[in-house]
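Comments concern the structure below.
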Amino acid sequence: MHNLKEIRKDFIAFKKAIEKRSIDTNFELLQNLDKKNREFIQKKEILEKEKKDISKSKDKSLFSRSKEISAAIEKINIQQKKTKESLEQILSNIPNIPHKDVPNGKDESDNIEIKKSGQIPKFDFQPKSHFEIGEKLGMLDFDLASKTTGSRFVFVKDKLALLERALSNFMLDNHVSKNGYLEISPPLLASENTMFGTGQLPKFEDDQFEIKLDESNERKFLIPTAEVILTNIVKDKILNQNDLPMRFVASTPCFRKEAGSYGKDTKGMIRQHQFYKVEMVSIVDQSKCMEELERMTNCATEILDLLELPYRKMILCSGDMGFSAEKTYDIEVWLPSENKYREISSCSSCSTFQSVRMKARYKNQKKEILYAGTLNGSGLAVGRTLIAILENNQEKDGSIIIPKVLRPYMNNLQKISSN
RNA sequence: GGAGAGAUGGCUGAGCGGUUGAAAGCACCGGUCUUGAAAACCGGCAAAGGGGCAACUCUUUCCUGGGUUCGAAUCCCAGUCUCUCCGCCA
């Protein structure tokens with residue numbers, strides 16, 4: 001969320017920056033509501049002052065006047081609250097402003113490739129898709145999942161389940177021991193306010209699974225990514241500057257409705273309602289977002305380097321970025337069956353956009369209170385990494401060569417085959 | 001599920017109808033002392049919002065939302081969360 005105080009300073013510039021993201025916002029209404037809101041506040045404060053003075057004086061003859069004032073304040077209060085609500089409603093639906101490095105563009109097709117890495121494998125046979133391979137091995141079972149649960153779920157079995165677990169552990173170990181992330185095993189449910197903090201609510205409610213925990217009015221949601229719960233660790237906090245940076249990593253299931261993607265990636269486990277993801281989150285000094293983004297992205301690509309998977313790094317254009325992001329790198333892994341790169345990680349700096357929503361701040365040397373910078377990135381999407389290994393490491397006989405770095409996590413197994 | 005206790009500043013923790021935005025301690029910042037550091041001593045130190053170019057000033061806030069009162073951190077009601085004991089359970 002944007003800081004209203006900052007917007008006010010240069011409303012035109014703000015308007016221009018937001019228009020880059022080609023979304024509909026009623027800027028004039030926003031500006032008017034802000035003005036109205038402040039007028040109400042001023043009126044209210046004059047009356048409150050008078051009331052306070054009467055109370056201090058303890059002068060009985062003024063007590064009836066005080067009662068009148070209370071009624072008047074109450075009236076203004078109602079109007080002011082209403083105004084403020086409309087104001088916040090508009091404000092909370094405005095996305096972050098793209099960083100100056102971000103290329104202008106409409107959609108995916110305007111993203112720019114920054115770097116390519118690794119060898120695209122050559123096969124002397126027709127490479128199969130991950131779901132063909134997995135089903136043939138008897139270790140991916142989509143039919144069973146649709147029977148027990150429904151579409152967009154899968155049973156991962158036997159050596160592939162082990163591979164999935166090995167991937168999580170390998171990634172976690174790497175981020176913890178080499179990159180200084182603190183491992184967290186968080187709740188998988190988040191409150192409404194937590195979801196608001198990172199920007200999933202109110203705008204993207206359709207993509208979230210809501211859970212009825214009990215009869216209370218508090219709404220709970222399954223996390224669509226650990227970003228939500230990890231970033232909110234600093235919600236409502238005033239940290240010391242030397243507590244920063246804070247770096248968290250977790251491997252969690254993620255839950256998404258994938259509303260609006262009907263018919264897209266229906267085959268296989270590319271797009272599921274539930275999937276494992278190792279997520280990195282950094283809370284940093286607000287001036288250090290860009291360097292942290294580079295660092296984090298390197299943490300993600302390092303995993304692919306170690307797994308010897310071919311990938312490319314993209315910078316997302318203004319039109320393709322997520323709601324809370326100011327700058328995003330997508331890492332895309334090569335999938336032979338599709339003959340193209342597919343997203344396996346997304347690393348974003350959210351500048352102070354999320355911390356304003358969460359009220360996550362820190363005190364600097366000059367004792368100024370500043371909003372923290374927040375970043376998040378997948379390191380990596382475990383399900384999609386599994387897919388990439390299946391497809392890139394497949395042999396003609398349908399077996400899978402296990403990447404060397406994972407073998408210690410798999411009882412030194414070299415290869416997965418059906419027998 | 002049953003019975004209690006509690007929620008106060010960055011943290012710990014007093015206050016329980018009227019200059020209380022709130023004692024004290026810790027942390028933090030500045031200073032004295034010291035070759036330097038530590039210790040000791042002195043001083044400073046809540047946030048949000050409004051007005052003002054600024055110095056500054058005003059309002060709000062003691063979990064949240066209502067209520068009582070001229071006046072609420074303090075009294076009443078509802079909710080949320082936390083803790084303790086009993087029961088149940090992975």
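Lettering follows sequence order; numbering is per chain, from 1. Side-chain atoms are counted along with the backbone in the values below, which use heavy atoms only and exclude waters and symmetry mates.
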Between the main-chain N or O of Glu343(A) and the side-chain N or O of Asp330(A), is there a donor-acceptor pair closer than 3.5 Å?
no
Whole-Å distance between C58(B) P and Lys49(A) NZ?
6 Å
Can you check whether Lys52(A) has a side-chain N or O nearer than 4.0 Å to OP1 or OP2 of U60(B)?
yes
Rounded to whole Å, CG of Asn242(A) lies from P of A27(B) at a distance of 14 Å
Taking only the C1' atom of each, what is the distance from C85(B) to C77(B) in whole angstrom?
27 Å
Roughly how far apart, to the nearest Å, are A23(B) and A14(B) at atom P?
14 Å
Distance in angstrom units between Asn3(A) CG and A48(B) P, rounded:
10 Å
Report yes or no: do Thr194(A) and Ser191(A) form a side-chain donor-acceptor pair below 3.5 Å?
yes
Quick one: label Ser66(A) by what it contacts on the DNA or RNA (base, sugar-phosphate, nothing), any heavy atom closer than 4.0 Å.
sugar-phosphate
Say we look at U8(B) and G25(B): how far apart would their C1' atoms be, to the nearest angstrom?
15 Å
Could you pull out all residues at least two apart from Phe27(A) that satisfy ring pair (Phe, Tyr, Trp, His ring centres under 6.0 Å)?
none
Nearest-Å distance, NZ (Lys220(A)) to P (U80(B))?
10 Å
Judged by modelled atom types alone, do Gln394(A) and Lys128(A) share a side-chain donor-acceptor pair under 3.5 Å?
no
Taking NZ from Lys44(A) and P from A48(B), how many angstroms apart are they, rounded to a whole number?
18 Å
Take atom C1' in A73(B) and the same atom in C16(B), then report the distance between them in whole Å.
8 Å
Euclidean distance, atom CD of residue Glu368(A) to atom P of G10(B) [Å, nearest integer]:
17 Å
Among residues two or more places apart or on two chains, list those pairs meeting ring pair (Phe, Tyr, Trp, His ring centres under 6.0 Å) that have a residue in residues 3-26 of chain A.
His2(A)-Phe14(A)
Return no unless some side-chain N or O of Arg361(A) is found under 4.0 Å from OP1 or OP2 of G10(B).
no
Between G10(B) and C28(B), how far is it from one C1' atom to the other, in whole Å?
9 Å
Can you tell me if Glu85(A) and Gln80(A) form a side-chain donor-acceptor pair at under 3.5 Å?
no
Contacts to RNA chain B from residues 69-89 of chain A, heavy-atom cutoff under 4.0 Å, which residues?
Ser70(A), Lys81(A)
Reading RNA chain B 5' to 3', how would its secondary structure be written in dot-bracket notation, given Watson-Crick and G-U pairs with both distances under 3.5 Å, brackets [ ] for crossing pairs and | for partners on other strands?
((((((((.[[[..)..(.....]]].(((((.......))))).((((((....)))))).[[[[[..)....]]]]])))))))....
Say we look at C81(B) and A39(B): how far apart would their C1' atoms be, to the nearest angstrom?
42 Å
Within the structure shown, what part of the strands sits under 4.0 Å from Lys67(A) by heavy-atom distance: base, sugar-phosphate, or nothing?
sugar-phosphate
Under 4.0 Å, counting only non-hydrogen atoms across every strand here, what does Lys51(A) touch: a base, just sugar-phosphate, or nothing?
sugar-phosphate
Identify whether the distance between the nearest side-chain nitrogen and carboxylate oxygen of Asp53(A) and Lys49(A) falls below 4.0 Å.
yes
Rounded to whole Å, please give me the gap between CG in Asp236(A) and C1' in C11(B).
16 Å
Students often get this wrong, so: under 4.0 angstrom with heavy atoms, is Leu239(A) touching a base, only sugar-phosphate, or nothing?
nothing
Closest approach to the side chain of Lys58(A), judged atom by atom: which nucleotide of C70(B), G50(B), G18(B) is it?
G18(B)
When rounded to the nearest Å, what value does the distance between P atoms of A78(B) and A3(B) take?
15 Å
Check the side chains of Asp397(A) and Ser417(A) for a donor-acceptor pair under 3.5 angstrom, ignoring hydrogens and angles.
no
Contact class for Lys359(A) vs. all strands (heavy atom < 4.0 Å): base, sugar-phosphate, or nothing?
nothing
Are Thr352(A) and Gln286(A) close enough that a side-chain donor and a side-chain acceptor fall under 3.5 Å?
no
Here the salt bridge (charged side-chain N to carboxylate O under 4.0 Å, His left out) pairs for residues 230-243 of chain A, sequence neighbours left out, are none
Closest-nucleotide 5' rank along RNA chain B - winner of Ile46(A) and Tyr371(A):
Tyr371(A)
Please measure how far the C1' atom in G67(B) lies from the corresponding atom in G17(B), and state the result in whole Å.
16 Å
With distance as the sole criterion, is a donor-acceptor pair present between the side chains of Thr198(A) and Gln354(A) under 3.5 Å?
no
Scan Lys43(A), Arg65(A), Lys56(A), Lys44(A) and name whichever one has a salt bridge (charged side-chain N to carboxylate O under 4.0 Å, His left out) with Glu50(A).
Arg65(A)
Roughly how many Å is it from CG in Asp53(A) to P in G18(B), rounded to a whole number?
19 Å
Please determine, by modelled atom types, if Ser337(A) and Ser129(A) share a side-chain donor-acceptor pair under 3.5 angstrom.
no
Is there a donor on the side chain of Glu45(A) or the base of G51(B) sitting less than 3.5 Å from an acceptor on the other?
no
Have a look at Lys60(A) and say if it touches a base, only the backbone sugar-phosphate, or nothing, with a 4.0 Å heavy-atom cut-off.
nothing
Please confirm whether Arg357(A) makes a cation-pi placement over Phe196(A), using NZ or CZ under 6.0 Å from the six-membered ring centre and within 45° of the ring normal.
yes
List in numerical order all residues of residues 34-43 of chain A for which some heavy atom is under 4.0 Å away from an atom belonging to RNA chain B.
Arg38(A), Ile41(A), Gln42(A)
For Leu4(A) and Ile369(A), find the nucleotide of RNA chain B closest to each by heavy atoms; which residue's nucleotide sits nearer the 5' end?
Ile369(A)
